[in-house]
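Here is the structure we will look at, set down as structure tokens.
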Amino acid sequence: MYRINEIFQTLQGEGHNVGRAAVFVRFSGCNLRCPFCDTDFAAWRDMGGSDIVEAVTAYAPRLVVLTGGEPALQADAALTAALHAAGCEVAMETNGTRPVPAGIDWLTVSPKLPFVGVAARPVMRRCNELKCIFDGRSPVTDFGIEADYYYLQPCDVGGGPASERNRRITEACIDYILAHPQWRLSLQTHKLAGFK
């Protein structure tokens, strides 16, 4: 059984796959407590792998995103195999502090070490996409992780994208990328466009 917070269809709002239709499987629970997290950890329902596949395939997906919370605490090779058998491409968004199961087609690692401390030290050394949260204060680093793509995402500190502090963080993020072009900008387009 897996603790599932919610399963829903939307567009991928961040990173390399932005704009792609996807079904999100949000796992409840995390080994970290980031100050900007938007997941309700107290809410979940227990679901078996077949229940998850049934809920996911009700949307006729191609891309399924395992997210959280921290999906690497629960997701396993049996679940990814079942999703593959249903014709799904399986992506995972993880903080990188735990090994991920076999069968992940697209891996996004988003380390939280600058915000949580040593408990958030990543163990992952390779991913498709490294997505680092940029707050304008913490130094930018790749944490020794090799990735196909490197993204900086301005930290949303509240008040919406037009708030003065968010605007300053985004401007500083853009300036950093202009000086360090191996990084790309990742915006939370779901917040900008108003979809989940």
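Below, each value reflects all heavy atoms present in this structure, side chains not excepted, and no hydrogens, waters or symmetry copies. On a predicted model such as this, the values are computed, not experimentally measured, just so you know. Note that the numbering runs from 1 along the sequence shown for the chain.
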Review point. Does Leu79 offer a backbone N or O that forms a donor-acceptor pair with the side chain of Asp76 under 3.5 Å?
Key: yes
Check your understanding: What residues form a side-chain contact (heavy atoms from CB on, under 4.5 Å) with Leu185, not counting sequence neighbours?
Key -> Pro154, Cys173, Ile174, Ile177, Leu187
Revision key, fill the gap. Residues pairing under salt bridge (Lys or Arg N to Asp or Glu O under 4.0 Å) where one sits in residues 46-64, two or more places apart or in two chains, turn out to be none
Exercise for review: For Val123 and Thr97, run side-chain contact (heavy atoms from CB on, under 4.5 Å): C-alpha distance rounded to whole Å, both residues' side-chain angles, the deciding distance at 0.1 Å, then the answer.
Suggested key: CA-CA 5 Å; Val123 299; Thr97 60; 5.6 Å; no
Revision key, fill the gap. Ring pair (Phe, Tyr, Trp, His ring centres under 6.0 Å) filter on Phe143, not counting sequence neighbours, yields none
Point to revise | ILVMFWY clustering at 4.5 Å (side-chain atoms), partners of Trp44 | key: none
Point to revise | Distance in Å, Met47 CE paired with Asn5 CG, rounded so as to fall on 0.5 Å steps | key: 11.5 Å
Point to revise | side-chain hydrogen bond (donor to acceptor under 3.5 Å, both in side chains) contacts in which one or both residues fall within residues 135-144, not counting sequence neighbours | key: Asp135-Ser138
Check your understanding: Ser110 and Lys131: which non-hydrogen atoms are nearest, and at how many Å?
Key -> OG-O, 2.8 Å
Point to revise | Nearest non-hydrogen partners of Ala55 and Ile7, listed with the distance | key: CB-CD1, 3.8 Å
Check your understanding: Does Trp106 have any ring pair (Phe, Tyr, Trp, His ring centres under 6.0 Å) partners at least two apart in sequence or in another chain, and if so, which?
Key -> His16
Check your understanding: Should the ring pair Phe24 and Phe8 be called parallel, tilted or perpendicular, given that the plane angle runs from 0 to 90° and is split at 30 and 60?
Key -> parallel
**Study point:** Step-by-step salt bridge (Lys or Arg N to Asp or Glu O under 4.0 Å) determination, Arg184 to Glu129
**Key:** CA-CA 11 Å; Arg184 297 178 180 194; Glu129 168 182 35; over 6 Å; no
Review point. Met92 and Pro101: which non-hydrogen atoms are nearest, and at how many Å?
Key: CE-CD, 3.8 Å
Review point. Could you state the interatomic distance from CD (Gln9) to CG (Leu63), rounded to the nearest 0.5 Å?
Key: 10.5 Å
Review point. Among all residues two or more places apart in sequence or in another chain, which pass the side-chain contact (heavy atoms from CB on, under 4.5 Å) test with Glu70?
Key: Cys30, Asn31, Ala72, Leu73, Thr94, Asn95
**Study point:** Any pair counted as salt bridge (Lys or Arg N to Asp or Glu O under 4.0 Å), so long as it reaches residues 145-155, sequence neighbours left out
**Key:** Arg126-Glu146, Arg126-Asp148
Point to revise | Salt bridge flag under 4.0 Å for residues Glu171 and Arg168 | key: no
Point to revise | Non-neighbouring partners of Thr57 that pass side-chain contact (heavy atoms from CB on, under 4.5 Å), sequence neighbours left out | key: Val53, Ala86
Practice item. Can you run down the salt bridge (Lys or Arg N to Asp or Glu O under 4.0 Å) pairs that involve residues 91-104, sequence neighbours left out, and say none if there aren't any? Key: none
Review point. Just how far is it from atom CG of Leu66 to atom CG of Leu83, taken to the nearest 0.5 Å?
Key: 6.5 Å
Check your understanding: For the atom pair OG1 (Thr80) and CD (Glu89), what is the distance rounded to the nearest 0.5 Å?
Key -> 13.0 Å
**Study point:** Mutual orientation of the aromatic rings belonging to Tyr151 and Tyr149 [parallel < 30°, tilted 30-60°, perpendicular > 60°]
**Key:** tilted
**Study point:** Which residues share a ring pair (Phe, Tyr, Trp, His ring centres under 6.0 Å) with His84, sequence neighbours left out
**Key:** none
Practice item. Could you tell me which non-hydrogen atom of Phe27 sits nearest to which non-hydrogen atom of Pro71, and how far apart they are? Key: CD1-CB, 3.7 Å
Check your understanding: Looking at residues at least two apart in the chain, or sitting in another chain, which of them share a side-chain contact (heavy atoms from CB on, under 4.5 Å) with Arg121?
Key -> Leu113, Val118
Point to revise | Pair Glu14-Ser186, side-chain donor/acceptor within less than 3.5 Å | key: no
**Study point:** For Cys127 against Ile145, the heavy-atom pair lying closest together
**Key:** SG-CG2, 3.8 Å
Check your understanding: Which atom names give the shortest non-hydrogen contact between Cys155 and Ile133, and what distance separates them?
Key -> CB-CG2, 3.5 Å
